[in-house]
Amino acid sequence: MPDAPPPVVALHDAVVFAGGFPLLSGVDLDLGAGTLSVVTGANGAGKTSLLRLLGGLVALSGGTGTVAGVDLGSGDLRQLRRRVGWLGHEGSFYDDLSVRENLTFAARALGRPTGEIAPAVARVGLEHRIDTSAKQLSAGQRRRLGLAWLLLRRAELWLLDEPYASLDDEGRTFFDALLGDVVAGGATVVVSAHDPLRSAALAPRTLTLAGGRIVGDVS
Amino acid sequence: MIRTALLVAGKDLRIELRSRVLLWQVVPFGVMALLLCGLALGPAHAGNSPAGPGLFYLVTLLVTLLMINRSQAVERTSGTRSSVATLGLDPAGVFLGKALALAVELWVTGLVLLAGAVLVLHTALHGALVALPSIAVTLGALAAAGTLYGALTAGGDGSATLLPVLALPAFAPLLIAGERSFSAALHGGALWEWWVIAAVALVAYLAVGILLYGVLEES
Amino acid sequence: MTKQLFPRLLGPVTLVLLALTAWLGLWVTPRDAVQGNLVRLVYVHPAVAWVALYVSFGTATIASVLYLWKRTRSIVMDRVAHCAMEVSVVFIVLTLITGSIWGRPTWGVWWAWDARLTSTAILGVLALGYLALRRANDDQALRARRSAVFAILAAINVPIIHFSVDWWKTLHQGATVFTANRTLLIHGLMAWTLLVSFLGFTLLFFWLLRARYRLEVSRERALSVSLDEALTLRRREGAF
């Protein structure tokens, strides 16, 4: 019998301090490849901090952790970041550049052919706004631009911070469909949200955070 | 590294072309500061003043501070920083790219301010043209130093006020070197010592930036 | 035993050397034919400037480089750099004050646009900037990294100060103790007094550095207790 694949995320008693305040106060978490998890909790519960830890964007202050094979304590966090896709809740791009210019920058930085931009833009339904400056996009369109940015990345681990905020029903449905495809393709997705996901198409694992720790875990 | 530098410099300059902050905010500020210098000297000394080269550099330093803040601000809006961090760009290339873009912007602004100095402070045109190479080197050193100091202060408490406290003392030798070489171009005199200071500062800041910008980006 | 002995002797030896400097400088060494009693500042000002510009800044820079070097990275290096820079501010201020006292009768003004004086003042602002930078960042690792880079950048200014006398050729007197080809300019008892003053002020720096370091360790220890409390309180948020 073959061994089970190692988890993409393995945290044990993970603690993150910032400015003397414990953002995370001891998180234990295992996430496998090709899974979708939703992290919920009140404001200040530690949702964004958990995502930032998984992305190698903040340092581990205590406990142990491995993400995509990289040790969060002693490993090369820059290597980890290259394998992660991040979508912040306010967007993830340069406001003064157009959709095309933002994606061209990302493609060149990642060494991807710029020919991949058009399919990514079409996939998120922004082809008619491709030459519009990012700051002129609506909140929903900004999310879609963020997703196109992530599609170009082909990340192993997708970290989406409050992606459903200010999305209408059509936007939510679109988002759910896209996440379903990404997970089916083998990527691991972690989404933060205020409330548990109300999706007919997806059956995610729901983790509830409070006080910087996981206090609920429902599959 | 060079590929990343050109990519980042191109992106920063494109953002500048789109936003026109340099044209509509920075240059008018510099021109107004030059006029204020003339007013401060008084009607008897405003024209043909021996303080002309020094005032040109003083205004340039103030303008540089604005531009450094701007250069860092574009990386810190709406979740951009986290997303760009996950692109895994070579930090030395990012430093060189941002310094190059800042240098280009400073050269353009420097030309406008030089024309302003010729016009309102009656600085001799021939001397100003002779001083152009030394101005280019000094502004290049300012750009390299400014990029480092900008990264050092970005995101901290009161970063906009901290930047001048940290950067101006380091800019002082460049101000002296620039002023002396500009004065020598106008009135004759030894130049090489001042070229040495500007060139050593340029090389030192480039070397420190290439070696240590990654450490600052880890922030 | 020996390890304990040196720190214990540091304070008394420093005090003895400084007292010896005061006695030799004020009562034993002769007046100068031109400068009169003013020359006695030579037993304070150069030694204080030596500590301010080279010993303390050098210590802070070396500790900062060692912090950035992954093999030697430790909070000890960050603390040493921080404490050395704080003590450096004290010595830079003393350098400026003693220089000003010396300059008033010599140059006729308290402040002159002398290159070395101006550069030392700029270095003082850099040292204050280092401390301001530390205050602007709450996170320990972030603060340590940024401070270390800034200390190295500030150190680039030290050689500029050193060569500034030659480059700018202004009011400040040239080298006091040695000529450019290492020939001793001061002789006999004056030279020995000068040597004692350099040793005394250098040891004073290390004594102050040690005291400040111990204070910092105590402060961090107190803070770590509150970090544990913060963690417990944070965990309690999740219990409700």
Side-chain angles (χ1 to χ4, degrees), chain B residues 54 91 95 141 144-177 179-181 189-190 192-198 200-219, chain C residues 57 61 64-65 67-70 73 78 85 92 113-170:
Chain B
F95 164 73
T147 303
L148 265 174
Y149 284 102
L152 264 173
T153 52
D157 291 344
S159 58
T161 42
L162 186 61
L163 175 67
V165 175
L166 299 192
L168 286 180
F171 287 172
L174 292 171
L175 170 80
I176 295 166
E179 189 275 329
R180 290 283 79 202
S181 53
W192 72 269
E193 292 156 314
W194 316 114
W195 274 90
V196 166
I197 292 175
V200 164
L202 174 62
V203 171
Y205 282 116
L206 285 177
V208 173
I210 287 169
L211 284 172
L212 297 180
Y213 201 74
V215 175
L216 295 177
E217 281 219 321
E218 287 293 311
S219 312
Chain C
F57 241 86
T61 308
S64 297
V65 170
Y67 181 83
L68 290 179
W69 191 263
K70 276 193 176 168
R73 180 170 296 178
D78 178 50
M85 200 63 94
I92 288 172
W113 284 101
D114 164 63
R116 198 180 281 183
L117 191 59
T118 310
S119 304
T120 306
I122 290 170
L123 202 66
V125 179
L126 276 173
L128 286 173
Y130 175 94
L131 300 179
L133 180 64
R134 291 192 74 91
R135 291 185 70 85
N137 294 285
D138 290 333
D139 182 70
Q140 189 274 327
L142 171 70
R143 182 173 58 225
R145 274 197 300 268
R146 287 187 168 192
S147 311
V149 173
F150 182 67
I152 291 167
L153 286 173
I156 292 172
N157 278 275
V158 174
I160 293 178
I161 287 166
H162 184 83
F163 293 112
S164 60
V165 172
D166 291 333
W167 285 346
W168 287 305
K169 288 186 176 67
T170 51

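Chain A is the first sequence line, chain B the second, and so forth, proteins listed ahead of strands; every chain is numbered from 1. Atom set for the values below is all heavy atoms of this structure, side chains included, hydrogens, waters and symmetry mates excluded.
The minimum heavy-atom distance linking C/L126 with B/A170 is given by the pair CD2-N, 4.5 Å. Between B/P169 and C/V125 the shortest heavy-atom distance is CG-CG1, 3.6 Å.
With a threshold of 4.5 angstrom between heavy atoms, B/L162 approaches chain C through side-chain atoms but not through N, CA, C or O. Heavy-atom distances place no part of B/L168 under 4.5 Å from chain C, backbone and side chain included. Residue contact with chain C, scored on non-hydrogen atoms closer than 4.5 Å, involves the backbone and the side chain of B/V165 alike.
Residue C/L153 holds its CG atom at 4.5 Å from OH of B/Y149, rounded to the nearest 0.5 Å. One finds the CG atom of B/L211 at 10.5 Å from the CG atom of C/L68 (value rounded to the nearest 0.5 Å). Residue B/L212 holds its CG atom at 13.5 Å from CZ of C/F150, rounded to the nearest 0.5 Å.
The closest side-chain heavy-atom distance from B/Y213 to C/V149 is not below 4.5 Å. Proximity of C/L133 to B/L166: side-chain heavy atoms (C-beta onward) are separated by under 4.5 Å at one or more points.
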